[in-house]
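Predicted, not measured: the structure shown is a model, and the values here were computed from it.
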Amino acid sequence: MSNSTEFPFGAATGVGSLPGGDAREAAKTATGSFEDFPFLAELPARGPGADMIGRTAGLLVELYARVEPSGWRLGDRPGRDTRRARSWLREDLDALEEFTQGYEGPLKVQAVGPWTLAAALELRNGEAALSDPGACRDLAASLAEGLREHLAEVGRRVPGARLVLQLDEPSLVAVLRGQVRTASGYRTHRAVDRQVVEATLRDVVGVHGDGPVVVHSCAPDVPFALLRRAGAAAVSFDLSLLTERDDDAIGEAVEGGTRLFAGVVPGTDVPLSDPAGSVMGVRTLWRRLGLSPGLLAETVTITPSCGLAGASPDYARRALAHCVQAARSLADNPE
């Protein structure tokens, strides 16, 4: 179990995706914008295999997926889609390695978590893997093994980095509530038992050993307590989706040493306010929770509210720079 000391003070970082298809340009942006907390950029605009699901499917061990008209489907052998996903990831890692020569400090890599993966990947019958508990177990085990190999590979390429693993779980709340639609679209898959969800997440989080794991979910009603129990060192969320109903869970998380990755900068092109204005919501939350302002920069990392794949390249660069300035404003004036 990790604590906040593994994250830099008053820091900001990206969520994962950036616009465009140029790996070197993306690596330059992701490392240049965040000198003390860079991340491995994802470029879904390149097409299937560079998207969130396809990229993570390419990491799986002894399970393979291919693109069907309905989405990604599990199959028996690696095909063109698996090869393409792996080749793009290599290209991204080559670019990251080039721009992190001599870097020492935290470096974030992202992959889709086990439950969003189970909701998105289809079995041979066209239903989501989520419909079959055995398939969910196999998928989580394959993902865990693939992540272990991926982290080792990134560690070899950037030997001075302290790796932070982010698991993207946008479908987690839908899985817990039984809101994931079946292939026909007429029904929904049964809600998965919370203890099963938690245990599976704990197994996947555990592959990073002593390293910190962040779980990212840009949906409302993020299950903070469940994620903490599953071993997440940090929870990444869209601040604009929080309500006062979340206060108790967030207060307990912070007091228990959980780091918050607060998404405060919109993911698509909008006029940006001043950086101090962007973190006003974080300060307001802090006051409501009655927490010490001095803890703010130690506990909160500032990010965009979600990935930036849908933004223009110019806005994406400005949004990342804005995150850095907003984090600095929080550190300099916590009150």
Side-chain angles (χ1 to χ4, degrees), residues 15-23 26 40-95 109-132 134-147 149-150 153 166-172 174-175 179-189 200 204 216-219 267 306-311:
V15 170
S17 65
L18 290 176
D22 182 332
L40 173 63
E42 301 167 3
L43 299 172
R46 292 182 294 198
D51 62 302
M52 193 167 88
I53 299 298
R55 186 183 184 87
T56 300
L59 293 174
L60 297 175
V61 172
E62 291 179 6
L63 281 180
Y64 308 100
R66 61 177 187 275
V67 179
E68 296 284 341
S70 53
W72 285 90
R73 184 168 295 186
L74 290 164
D76 297 330
R77 56 183 75 83
R80 189 183 56 204
D81 298 321
T82 300
R83 285 194 293 275
R84 190 188 295 132
R86 290 177 178 175
S87 146
W88 272 328
L89 179 58
R90 266 197 309 278
E91 197 179 295
D92 294 336
L93 288 171
D94 289 345
V109 298
Q110 307 82 220
V112 176
W115 293 107
T116 296
L117 205 57
L121 289 179
E122 298 173 357
L123 302 172
R124 280 190 200 85
N125 64 4
E127 284 300 350
L130 190 63
S131 62
D132 178 338
C136 288
R137 281 193 296 274
D138 292 348
L139 194 53
S142 169
L143 174 64
E145 198 47 52
L147 286 173
E149 291 176 8
H150 179 47
E153 164 84 357
Q166 175 179 307
L167 296 174
D168 290 318
E169 282 283 15
S171 303
L172 182 63
V175 167
Q179 292 169 338
V180 176
R181 295 209 162 278
T182 56
S184 70
Y186 293 123
R187 292 185 305 112
T188 53
H189 293 289
T200 302
V204 177
H216 169 70
S217 177
C218 48
C306 215
L308 292 164

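- Note that CG of Asp22 is 9.0 Å distant from CZ of Arg46, once rounded to the nearest 0.5 Å.
- Taking both residues in full, the closest heavy atoms of Ala65 and Ala57 are given as CB-CB, 3.9 Å, listed atom of the first, atom of the second, then distance.
- Here Leu40 contributes atom CG and Leu89 contributes atom CG; the two are 6.5 Å apart, rounded to the nearest 0.5 Å.
- Within the 3.5 Å criterion, the main-chain N or O of Ser171 finds a donor-acceptor partner in the side chain of Thr116.
- Counting heavy atoms from C-beta on, the side chains of Thr56 and Gln110 never come closer than 4.5 Å.
- The nearest pair of heavy atoms linking Gly58 to Ala85 is CA-CB, 4.2 Å.
- When side chains are defined from C-beta on, Glu169 counts as touching Pro114, because their heavy atoms get closer than 4.5 Å.
- A heavy-atom distance below 4.5 Å is not found between the side chains of Leu43 and Trp88.
- Separation of atoms CG (Leu172) and NE2 (His216) is listed at 12.0 Å; rounding is to 0.5 Å.
- A side-chain donor-acceptor contact under 3.5 Å links Ser17 to the backbone of Leu308.
- Of all the heavy atoms in Ala41 and Leu18, the pair that sits closest is CB-CD1, 3.8 Å.
- A donor-acceptor distance shorter than 3.5 angstrom exists from the side chain of Asp51 to the backbone of Gly49, with no hydrogens or angles considered.
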Sequence neighbours excluded and cut-off under 3.5 Å, please list the side-chain donor-acceptor pairs for residues 136-145, or say none.
from, atom 1, to, atom 2, distance (Å)
Ser142, OG, Val61, N, 2.9
Ser142, OG, Val61, O, 2.8
Glu145, OE1, Arg148, NH1, 2.8

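- Going from atom CD of Gln179 over to atom NE2 of His189 covers 13.0 Å, rounded to the nearest 0.5 Å.
- Salt bridge Arg55/Asp168: absent, no basic N to carboxylate O contact under 4.0 Å.
- Nearest heavy-atom pair, Gly20 versus Ala45, reported as atom, atom and distance to 0.1 Å: O-CB, 3.6 Å.
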Acceptor/donor pairs from residues 119-126 side chains to any protein atom, 3.5 angstrom cut, sequence neighbours excluded:
from, atom 1, to, atom 2, distance (Å)
Glu122, OE1, Ser70, OG, 3.0
Glu122, OE1, Arg73, NE, 3.0
Glu122, OE1, Arg73, NH2, 2.9
Glu122, OE2, Ser70, OG, 2.8
Arg124, NH2, Asp76, OD1, 2.4
Asn125, OD1, Glu127, N, 2.8

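- Atom CG of Leu117 sits about 11.0 Å away from atom CH2 of Trp72, to the nearest 0.5 Å.
- In this structure, CG in Leu93 is found 13.0 Å from CZ in Arg86, a value given to the nearest 0.5 Å.
- Atom CD of Glu149 is surrounded by more than 12 heavy atoms from other residues, nucleotides or ligands within 6.0 Å.
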